[in-house]
Amino acid sequence: MSDHLPFEIQTEIMKRLPVKSLLRFRSVSKSCKSLIDSSDFIKHYIGQKQHLLVRCYDYVAHSEKQPMSIVDDHTFPTQRISVTLPEFVKYPDIIGSSHGLLCFYSLDNPTFGTTTGRAVIFNPCIRKTVAFAVPRVIYGPIYRTAIGFGVCCQTKDPKIVKITLVKSHIDFKSVDWIPWQVEVFTLSTRTWRSPYSNNVPSKSIIYMNQVVVDGCLYWLATDRLDQCDNLIISFDMTSEEFREVNLPDSLAHGYCSLYIYNLSESLAVVKDGVEDNKRVYDVWMMQDDSFIKLYTINSSHSPDVSIQRVCGFRKTGEPVVALETDPSSRILATYDPYSKSITNVGINGKLVSYFVFSYMETLLLL
């Protein structure tokens, strides 16, 4: 880079370059490598290129197909590459994506009782992996361990949150002797500890899927003391405080399947329900602790194609959906909620399930 530019301006320019370019610049000079490897540069790197990681499980072969990463910009879906996940990662044990890092979790030789889990934090852009044990995982028909992953916006420090809870609807009132444990693992210290705050949620809450939005972990949850009503539990990655977020009546009550996503850095809830004997998907977004309904996706798009499920969202806000063209064929596509048009992504298979995770380019773990 030109010597006529002040070093501060050079640094700001480099912070906006793609990760691939920065990795090449590390070999240009010792000063470039020192700058790019510095904790301050990594913390404030602001590359904005987003990717979609697509995982596909083949139920015929009983194995995962080669995962694919697609650049999520104006070229979508033409720029794609195969991704080799860490060898000890099993399918489909990804628990979350935050600040460009993916986190996988699995049990080692699961048996009833107490066992050890393994968490793997992976940066797909720089191919860097960090693995560590998750101790004292209670596993069995009555117990369950909820795992959450996110990166603290303030410090850019990855964290794992482990919550031990009683799984059984019948037995959770009668097992008060079980320690109600919430533990936080911070990557920078490589230690497990209690959270800063002690406002642990009720024992009656059971946690399901999670997502990270703007420095907060969100779990979709059910309160078994309140007729199994749905709600959202949040965990601030900086203050480490839990909070309950109430859902609208149409989402909190009644029989329906809910899923949560990060939609343009806002929390989105997708309701999978039935109206007039047709499967529909209502997309809601949280704004200032309340929810607004954005649109409804009708699963019956045409006589030959139906939408099987919503798999995720693009950076533009378009849902990524799995289409069913016949009882055994699945196609990955995007859905425009305004024109109601569908665009084939070019990934398909027989008797497969798709999982889609978005991630930004980052230098974390470098």
Side-chain angles (χ1 to χ4, degrees), residues 11-28 32-56 64-89 91-105 119-132 149-153 155-160 187-188 211-215 237 262 264-265 312-316 320 345 347 355-366:
T11 301
E12 289 304 313
I13 292 174
M14 292 178 70
K15 285 179 181 177
R16 290 162 171 79
L17 295 177
V19 166
K20 278 187 177 181
S21 299
L22 292 176
L23 294 180
R24 289 196 295 267
F25 283 165
R26 290 172 78 237
S27 60
V28 170
C32 277
K33 186 177 187 303
S34 177
L35 170 66
I36 296 169
D37 290 359
S38 67
S39 58
D40 185 72
F41 186 90
I42 292 172
K43 180 179 177 181
H44 294 99
Y45 173 67
I46 51 178
Q48 295 299 308
K49 185 172 286 189
Q50 179 169 297
H51 301 250
L52 294 181
L53 177 70
V54 179
R55 301 184 74 184
C56 177
E64 180 178 6
K65 292 187 174 184
Q66 183 72 44
M68 191 77 63
S69 179
I70 308 174
V71 177
D72 189 9
D73 60 12
H74 66 281
T75 66
F76 184 88
T78 58
Q79 291 191 65
R80 63 179 73 186
I81 59 170
S82 298
V83 177
T84 301
L85 299 179
E87 59 181 11
F88 31 79
V89 166
Y91 184 87
D93 56 2
I94 188 167
I95 61 169
S97 169
S98 178
H99 283 72
L101 301 180
L102 305 172
C103 185
F104 304 84
Y105 170 75
V120 179
I121 300 176
F122 176 55
N123 183 333
C125 292
I126 63 174
R127 305 293 308 160
K128 183 67 179 292
T129 300
V130 177
F132 52 90
F149 167 75
V151 175
C152 178
C153 289
T155 63
K156 295 297 190 293
D157 202 354
K159 294 182 178 182
I160 301 283
L187 186 60
S188 61
V211 70
V212 181
V213 179
D214 195 25
M237 300 300 292
N262 184 330
S264 303
E265 287 307 311
F313 289 88
R314 288 193 58 199
K315 187 177 181 179
T316 58
V320 181
V345 174
I347 299 176
F355 294 83
V356 178
F357 302 89
S358 63
Y359 65 93
M360 304 294 292
E361 291 193 356
T362 184
L363 294 171
L364 292 177
L365 304 186
L366 182 62

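Between Phe76 and Ile70 there is a side-chain heavy-atom pair separated by less than 4.5 Å. Residues Leu53 and Pro124 have side chains not in contact (no heavy-atom distance under 4.5 Å, counting atoms from C-beta outward). Counting heavy atoms from C-beta on, the side chains of Arg16 and Ile13 never come closer than 4.5 Å. Between Ser82 and Met68, the closest side-chain pair of non-hydrogen atoms falls below 4.5 Å. Residues Ile347 and Arg80 form a side-chain contact, since some pair of their non-hydrogen atoms from C-beta on lies under 4.5 Å apart. With a 4.5 Å cut-off on side-chain heavy atoms, Leu102 and Ile94 count as touching. You'll find the side chain of His99 stays beyond 4.5 Å of the side chain of Val212, heavy atoms only. Looking at heavy atoms from C-beta onward, Phe149 lies in side-chain contact with Ile121 at the 4.5 angstrom threshold.
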Test log, rule side-chain contact (heavy atoms from CB on, under 4.5 Å), inputs Arg127 and Phe122
CA-CA 7 Å; Arg127 305 293 308 160; Phe122 176 55; 3.0 Å; yes
Can Thr84 and Gln66 be said to form a side-chain contact (heavy atoms from CB on, under 4.5 Å), step by step?
CA-CA 7 Å; Thr84 301; Gln66 183 72 44; 3.9 Å; yes
Please determine whether side-chain contact (heavy atoms from CB on, under 4.5 Å) holds for the pair Asp37 and Arg26, giving the CA-CA distance in whole Å, both sets of side-chain angles, and the decisive distance to 0.1 Å.
CA-CA 8 Å; Asp37 290 359; Arg26 290 172 78 237; 2.8 Å; yes
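Atoms CZ and CG, from Phe41 and Leu22 in turn, are 5.0 Å apart once rounded to the nearest 0.5 Å. To the nearest 0.5 Å, atoms OG (Ser38) and NE2 (His44) are separated by 10.0 Å. Lys15 NZ to Asp40 CG: the interatomic distance, rounded to the nearest 0.5 Å, is 6.0 Å.
Asp72 has no carboxylate O lying under 4.0 Å from a charged side-chain N of Lys315, or vice versa, which leaves the two without a salt bridge. For the pair Lys49 and Asp73, the salt-bridge criterion is not met [side-chain N within less than 4.0 Å of a carboxylate O].
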With a cut-off of 3.5 Å and sequence neighbours excluded, list every side-chain donor-acceptor pair involving residues 356-366.
{"unit_1": "Tyr359", "atom_1": "OH", "unit_2": "Ser69", "atom_2": "OG", "d": "2.6"}
{"unit_1": "Glu361", "atom_1": "OE1", "unit_2": "Val19", "atom_2": "N", "d": "3.0"}
{"unit_1": "Glu361", "atom_1": "OE2", "unit_2": "His51", "atom_2": "NE2", "d": "3.0"}
{"unit_1": "Thr362", "atom_1": "OG1", "unit_2": "Leu364", "atom_2": "N", "d": "3.1"}

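Residues passing the side chain to side chain contact (heavy atoms under 4.5 Å, CB included) test with Ser34, sequence neighbours excluded: none.
Across all non-hydrogen atoms, the minimal contact from Ile160 to Cys103 is CD1-SG, 3.4 Å.
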